[in-house]
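First the structure, in the form of structure tokens, and then the observations on it.
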Amino acid sequence: MTAEPVIDMQDPPACDDSNAAGGHDSASAPPGVRASLSPSRAADFKTCPLLYRFRSIDRLPERPTVEQVRGTLVHAVLERLFDLPAAARTPQSAGDLVAPQWDRLVTEQPELSTLFAEGDAAAVAEFLRSAAGLLEGYFAVEDPRRLEPAEREALISAVVDDELLIRGYLDRLDVAPDGALRVVDYKTGGAPREAFEARALFQLKFYALVLWRTRGVVPRVLRLLYLKDAEVCDYAPDADELVRFERTVVALWRAIEQATARQDFRPRPSRLCDWCSHQALCPSFGGTPPPFPSAGAGDPLTDARSRPVAPGADE
């Protein structure tokens, strides 16, 4: 398999992970590229092919939960925290950023204000307090005064197998003096059960593959920071593992193409069904999916959602 660098870094949209995956202008795609894949889309298909269809082909709307939006807010605060001088990156400073960042998010995405009943100031205040509580978990595991991230909320992408663009947004990339890379991802949920840990590591391996293919360096550490429980999960990939992972990603996309050609995306029931927004349309719950969209309805070079996935939205 071959790979070429495409975009090493660009400014992310205001609403963005990368944590997920950003939208992509097909006109800017490198020659020969037929489709794109982000960690969230790939994980959707691995989790449940029908979920992938609902999000990427039918593009069904999903109302964000309070937990997801809290994750977005915490990510925004942590990104802005590193705009401050090192000595000013204190718990107090982080707490002072919560309300202004919430105001910014609501201004940019007015629909977020509908999470709470109109005029329910107490609910909003409790929401902001809960976000501040997660920031306390962050300071329990890291001292940002001793860090100078190389990149934050950076879009990275590469072409693999000559025709598949893979890309994603990094929460943070640290570069050591010797050039070693550490990919850091903030998680605002609790320390994971097995199913969630596997999904989180899949996402980080995706980033590691792109960095290796574009920079020629295998990240030394993939780090998950679980803020709710103040826990750190480190994983050290190697080149052989990333070669195998690249084959997995390409095989996933080929399976997606085959399922699309056959219009056959089947549900895969699991514990994750409890968090699915589309149970009413799922055969596993007695529902019926909508008619399959006509050919050409979706652009394979755009992501599953009309806007990038906000950080924390897939936790």
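Just the heavy atoms: all of them, side chains too, but no hydrogens, waters or symmetry mates, feed the values below. Positions are given from 1, in the same order as the sequence printed here.
Look at Asp161 and Arg34 and you find no salt bridge, because none of the NZ, NE, NH1 or NH2 atoms lies under 4.0 Å from a carboxylate O. Taking a cutoff of 4.0 Å between a charged side-chain nitrogen and a carboxylate oxygen, Arg172 and Glu142 qualify as a salt bridge. Using a cut-off of 4.0 Å between Lys/Arg side-chain N and Asp/Glu carboxylate O, Glu257 and Arg254 are scored as not salt-bridged. Of the charged side-chain nitrogens involved, at least one lies within less than 4.0 Å of a carboxylate oxygen, so that Arg215 and Glu151 count as a salt-bridged pair. Under a 4.0 Å N-O distance rule, the pair Asp174/Arg223 does not qualify as a salt bridge.
The shortest heavy-atom contact between Tyr226 and Cys233 is CE1-CB, 4.2 Å. The heavy-atom pair separating Ser36 from Trp253 by the smallest distance is O-CZ3, 4.1 Å. Shortest non-hydrogen contact noted between Leu222 and Pro219 is CD2-CB, 4.0 Å. When all heavy atoms are compared, the tightest approach of Leu115 to Pro64 is CD2-O, 3.4 Å. The minimum heavy-atom distance between Leu50 and Cys282, with the atom names listed, is CD2-SG, 4.1 Å. Across every non-hydrogen atom of Cys273 and Gln279, the tightest pair is O-NE2, 2.6 Å.
Classification of the Phe245-Phe206 ring pair by plane angle, with boundaries at 30° and 60°, yields perpendicular.
Rounded to the nearest 0.5 Å, atoms CD (Glu241) and CH2 (Trp212) are 10.5 Å apart. Distance OG/Ser40 to CZ/Phe202: 10.0 Å, rounded to 0.5 Å. Taking CZ of Arg41 as the start and CZ of Arg55 as the end, the distance is 12.0 Å to the nearest 0.5 Å. Taking OG of Ser157 as the start and CZ of Arg213 as the end, the distance is 14.5 Å to the nearest 0.5 Å. Rounding to the nearest 0.5 angstrom, the gap separating the NE2 atom in His278 from the OG atom in Ser284 is 14.0 Å. Taking CD1 from Ile156 and CG from Leu173, the interatomic distance works out to 7.5 Å, rounded to the nearest 0.5 Å.
A donor-acceptor pair is defined here as one N or O able to donate and one able to accept, closer than 3.5 Å; such a pair exists between the side chain of Ser93 and the backbone of Ala88. Put simply, the side chain of Asp58 never gets that close to the backbone of Leu60: no donor and acceptor are under 3.5 Å apart. A distance-only check finds a donor-acceptor pair linking the side chain of Tyr207 to the backbone of Tyr169 [under 3.5 Å]. In this structure, the side chain of Arg89 engages the main chain of Pro144 through a donor-acceptor pair within 3.5 Å. In this structure, the side chain of His75 engages the main chain of Tyr186 through a donor-acceptor pair within 3.5 Å.
Tracing side-chain contacts under 4.5 Å through hydrophobic residues (I, L, V, M, F, W, Y), one reaches Val243 starting from Leu204; they form part of the same cluster. A chain of hydrophobic side-chain contacts below 4.5 Å, direct or via other Ile, Leu, Val, Met, Phe, Trp or Tyr residues, connects Leu128 to Leu78. Both Phe82 and Leu135 sit in one connected hydrophobic cluster of ILVMFWY residues. Membership requires side-chain heavy atoms under 4.5 Å apart, directly or through other members. Under the 4.5 Å side-chain heavy-atom criterion for ILVMFWY residues, a single connected hydrophobic cluster contains both Val141 and Val184. By the rule that hydrophobic residues join a cluster once side-chain heavy atoms approach within less than 4.5 Å of another member, Leu211 and Val221 end up as members of separate clusters.
Looking at Leu170, Ile166, Leu242 one by one, the single match for side-chain contact (heavy atoms from CB on, under 4.5 Å) with Val210 turns out to be Ile166. Considering Val74, Leu134, Leu73 as possible partners of Val98, the one that fulfils the side-chain contact (heavy atoms from CB on, under 4.5 Å) test is Leu73.
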*Step-by-step side chain to side chain contact (heavy atoms under 4.5 Å, CB included) determination, Tyr52 to Thr47*: CA-CA 8 Å; Tyr52 174 92; Thr47 299; over 6 Å; no
*Dump the intermediate steps for side chain to side chain contact (heavy atoms under 4.5 Å, CB included) on Ser56 and Phe45, then the final yes or no.*
CA-CA 10 Å; Ser56 300; Phe45 190 80; over 6 Å; no
*Between Trp275 and Thr65, is a side chain to side chain contact (heavy atoms under 4.5 Å, CB included) present by the stated rule, with each step listed?*
CA-CA 10 Å; Trp275 289 270; Thr65 67; over 6 Å; no
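Under the 4.5 Å side-chain criterion, counting only non-hydrogen atoms from C-beta, Tyr235 is not in contact with Val183. Contact annotation: the side chain of Lys187 never approaches that of Leu227 to less than 4.5 Å [non-hydrogen atoms, C-beta and beyond]. At least one side-chain heavy atom of Arg80 sits under 4.5 Å from a side-chain heavy atom of Asp83. Residues Pro237 and Lys205 form no side-chain contact, since every pair of their non-hydrogen atoms from C-beta on lies 4.5 Å or further apart. Residues Phe139 and Leu81 form a side-chain contact, since some pair of their non-hydrogen atoms from C-beta on lies under 4.5 Å apart. In this structure the side chain of Ile256 reaches within 4.5 angstrom of the side chain of Leu37, judged on heavy atoms. Residues Ile57 and Phe292 meet the side-chain proximity criterion, which asks for heavy atoms closer than 4.5 Å. Counting heavy atoms from C-beta on, the side chains of Arg53 and Pro293 come closer than 4.5 Å.
Using modelled atom types and a 3.5 Å distance limit, the side chains of Thr188 and Arg70 yield no donor-acceptor pair.
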